[in-house]
2 protein chains.
Amino acid sequence: MTSTSAESIMDAAAHLIERDGVEAFTMRGLADRLGVAVTSIYWHVGGKDALFDRLVERLLGELANLPADGSSPVERIASLARNQRRVLIDRQHLLAIAHERDRTPMLFLPIQQTLAAQLAELGVTGTDAALVLRAIQVHVISSAVMQFSAVRGAKHDEEDPSLWTDDWPDRELVRALQSPTDYDAVFDYGLDALVAPLRDRRQPSGSSEY
Amino acid sequence: MTSTSAESIMDAAAHLIERDGVEAFTMRGLADRLGVAVTSIYWHVGGKDALFDRLVERLLGELANLPADGSSPVERIASLARNQRRVLIDRQHLLAIAHERDRTPMLFLPIQQTLAAQLAELGVTGTDAALVLRAIQVHVISSAVMQFSAVRGAKHDEEDPSLWTDDWPDRELVRALQSPTDYDAVFDYGLDALVAPLRDRRQPSGSSEY
DNA sequence: ACCTGAACACCGTTCAAGT
DNA sequence: ACCTGAACACCGTTCAAGT
């Protein structure tokens, strides 16, 4: 009764990828998992490309209607960014697929409108708003894309100590750089810097700059 | 006289990847290009993994000794970041390889020391310096990693206009978001925000905060 | 020391054939 | 409408064999 519908195939694929990673995924492996001939997958969802495209669509769905908590526009923008990031980190493998299929720009879309509304409340509009909006989006998505790869890389190789001369004065810095990167802290630092210029903004009293 | 040394194999591989992309690269294709049997490549440089590792090493070499122009520490930090970014964009395909092999953290290393020196001039040391340093590095590398994928993606698909209701008040914003992203501008905006907190810093008069 | 061809174990995908 | 097995054109890699 493993009714081999398109939807249940996608579920199995997502599960397999989540467990073994994208690079370990094969059509034949998926077919085995489903107890089905490979070719039957082609009938239901199409080839690997179509299957991955559908997975990205799923991720896009999860990104829609994210909550924006906070009592001020700036706080809501930061909240939105953090919530988007959380989903992307939770769905690392789907994010990796979106990346390698050149679909990362689509990840902008789901929260674009909400972000724009919050910026409008701050009086940020037009090309200014577009720039800020994209800067935030690139920060969220690109740092998530890289974190995934970076964290996996950190498990294998030891630090290269030869790059630091032993007489470098700031021992605390050297020690900090030798311990693994806290990507959450790095992300928050960057996000805070990005929204800082928005903090001393008038409410929509007009559009005066300077 | 195409002396098939390890070095000339790497040159050919880099050229092929630069021209046709990473995903189009095959061992057999490289062998054809060199007018040689596939197996001979294995003797000189090893398998595909070893070959890609060497390419990343090359990229690391290019990242060493980047110039840091500017009359103040903050300007030199920004200059360093921009120069690193330029190399990464120029070597997009090698960056993509480094990314998919989980080697992006290694790209931090070549300019880490120079960056630390400039931060020290500003009185930023210890764990503070480590955080700022990593925030800058993540900004440079991750945005470059993503830009590559995003720009290629933008060529295929048209914008999805259904997401913007026609009565959205800010027409200028909608128009700006429909035109392709200017990643240079987005990068500069982010970099500027990241170094902004460093601008109102004392010279190494001490370590007083607040 | 260097290069080769044959062979192996994998891929994704197509297609004619079944029910 | 749904599922199958066989077959094709590719991969990366190993290894015994040549010179």
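Chain identifiers are assigned alphabetically (A, B, ...) following the order of the sequence lines, protein sequences preceding nucleic acid strands; residue numbering begins at 1 within each chain.
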Whole-Å distance separating the [atom1] atom of [X] from the [atom2] atom of [N]:
| X | N | atom1 | atom2 | value |
| --- | --- | --- | --- | --- |
| B:Ile9 | C:dC2 | CD1 | P | 11 Å |
| B:Phe25 | D:dC11 | CZ | P | 11 Å |
| B:Asp32 | C:dT4 | CG | C1' | 14 Å |
| A:Met27 | C:dT13 | CE | P | 6 Å |
| A:Arg28 | C:dT13 | CZ | C1' | 9 Å |
| A:Glu23 | C:dG12 | CD | P | 13 Å |
| A:Leu34 | D:dC3 | CG | P | 10 Å |
| A:Asp49 | C:dT14 | CG | P | 10 Å |

From the options [options], select the nucleotide whose nearest atom is closest to the side chain of [X].
| X | options | value |
| --- | --- | --- |
| B:Ser40 | C:dT13, C:dG5, C:dC3 | C:dC3 |
| B:Trp43 | C:dC2, D:dC2, C:dG12 | C:dC2 |
| A:Lys48 | D:dG5, C:dG12, D:dG12 | C:dG12 |

Item to complete: Would you please confirm or rule out a distance under 4.0 Å between OP1 or OP2 of D:dA1 and any side-chain N or O of A:His44?
Response: no
Worksheet item: Whom does C:dT13 pair with, Watson-Crick or G-U wobble, provided both distances fall under 3.5 Å?
Response: D:dA7
Worksheet entry | Pairing partner (Watson-Crick or G-U wobble, both distances under 3.5 angstrom) of D:dA1 |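 For D:dA1, the partner nucleotide comes out as C:dT19, under the 3.5 Å rule.
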Worksheet entry | Distance-only donor-acceptor test, B:Thr39 side-chain atoms vs C:dG5 base atoms, 3.5 Å | yes
Item to complete: Compute the ring centroids of A:His99 and B:His99, then answer whether they are less than 6.0 Å apart.
Response: yes
Discussion item. For the residue pair A:Arg134 and A:Phe108, would you count it as a cation-pi contact if the rule is NZ or CZ under 6.0 angstrom from the ring centre and within 45 degrees of the ring axis?
Written reply: no
Worksheet item: Do we get B:Arg54 above B:Phe52's six-membered ring, with its NZ or CZ under 6.0 Å from the centre and within 45° of the axis?
Response: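 Judged by the rule (NZ or CZ under 6.0 Å from the ring centre, within 45° of its axis), B:Arg54 is not positioned above B:Phe52.
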Fill in: Side chains of A:Gln147 and A:Arg85, donor plus acceptor under 3.5 Å
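Distance-only check passes for A:Gln147 and A:Arg85.
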Worksheet item: Do side-chain atoms of A:Gln84 reach the backbone of A:Leu107 as a donor and acceptor pair under 3.5 angstrom?
Response: yes
